[in-house]
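Down below is the structure, laid out as structure tokens.
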Amino acid sequence: MITVSSAGRPAGRRRGGSVRCGPWSSDRRDGRRGPGRRFTDGSTATGDLLIGADGLNSTVRESIAPRTRPCFAGESVFYGYAGEAPLVAETGRFTMVRGGAAAFGCAVSPGGETYWFARVAGEPLSADDITHGTPGHWRGLLLPLLRGDATPAADVVAATTDRIMVTNATEIPTGTPWHHGRTLIIGDAAHAASPATGQGASMALEDAVVLAKSLRDAPDTESALSLYEALRRPRVEHNITTSGKISRGVHTPSGTGRRAPAPRPGDSDLLQHLEWDIDLSTVAEGSSSVAAAGDGGRDAG
């Protein structure tokens, strides 16, 4: 198995795998031995399954859905941290503020630094603005929006002198194909959502567990990938849609011309998907909704 990831992890080495960090190309090489990749140092790797866990701007996705690009999710997100901001809460707590013109969140580190973010709906910032904007410029933009609410948000931002960055929130369109043959994308590469629901890392970790169980419980790789997609797509696409609604401040599905996501599975379904000792093939057999989603997943892949 080849896993193309934005960061290597020691656990892979402990299980007998190899981890290669550094730049690599999007040159896909499929052969009789399975899918593979040619790296920029001239070497190649081949395995039974290629998993692209390479994030929002995935190059593995290019070989599955070459016309799919992250799209603007309706808001810009500002990040910063201040060494001497007014104390908002004790260490170990995360404070969220739903303001009239911006959403704000912050946490205080054990060292007393306040880490914060602010989400502002509107038109996307240009690449030039993001590249050349200064902390003073971003403060000047944010403070009038935050001072309209009786919260500590404005004081925290005002105390942040030189550590502010900004990015446009993006998402992957629902209905994007996730696999083709024995190549699969997971995490943000497949289903990135705007940060409004704060579920990105959680969804990626769930992906890893359900994929491992699918490969264990299905009779072959193709069946495993179809089972995985059938189980995961309703949940993650519900998150994309819900998070997009929050980002845009609207009550209609995010984006235009997109397939409506399947109903979100309940917590009891999710627990069955994640509980390691539960065989996913038995879960699939007892769920007509999973079977229907699986048919759609095979068509997309």
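The shown structure was predicted, so the numbers you read here are calculated from the model rather than taken from an experiment.
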Are [X] and [Y] side-chain neighbours, meaning at least one heavy-atom pair lies under 4.5 Å?
X    : Y    : answer
V77  : V120 : no
R232 : D207 : yes
P70  : R61  : yes
D149 : F104 : no
T183 : S63  : yes

Carboxylate-amine/guanidinium contact E123 R248, below 4.0 Å: no

Pair D128, S126: side-chain N/O donor-acceptor within cut-off below 3.5 Å: no

Stacked cation flag R216 on W276, 6.0 angstrom / 45 deg: yes

Shortest non-hydrogen contact between A154 and L143, atoms and distance: O-CD2, 3.3 Å

For the student: nearest non-hydrogen atoms of A159 and P86, plus distance: CB-CD, 4.3 Å

From E171 atom CD to N239 atom CG, the distance as rounded to the nearest 0.5 Å: 10.0 Å

E206 side, atom CD; L231 side, atom CG - distance, nearest 0.5 Å: 11.5 Å

side-chain contact (heavy atoms from CB on, under 4.5 Å) assessment of I246 paired with S194: CA-CA 9 Å; I246 296 171; S194 85; over 6 Å; no

Passing option when I240 is tested against M203, H191, Q199 for side chain to side chain contact (heavy atoms under 4.5 Å, CB included): H191

Plane angle bin for Y79 and F117 - parallel if under 30°, tilted between 30 and 60°, otherwise perpendicular: tilted

Aromatic ring pairing Y228/W178, orientation class (parallel under 30°, perpendicular over 60°, tilted between): tilted

Trace of the side-chain hydrogen bond (donor to acceptor under 3.5 Å, both in side chains) decision for D220 with S223: CA-CA 5 Å; D220 53 65; S223 298; 2.9 Å; yes

Audit row: S76, N168, side-chain hydrogen bond (donor to acceptor under 3.5 Å, both in side chains) steps and yes/no: CA-CA 4 Å; S76 299; N168 290 321; 3.0 Å; yes

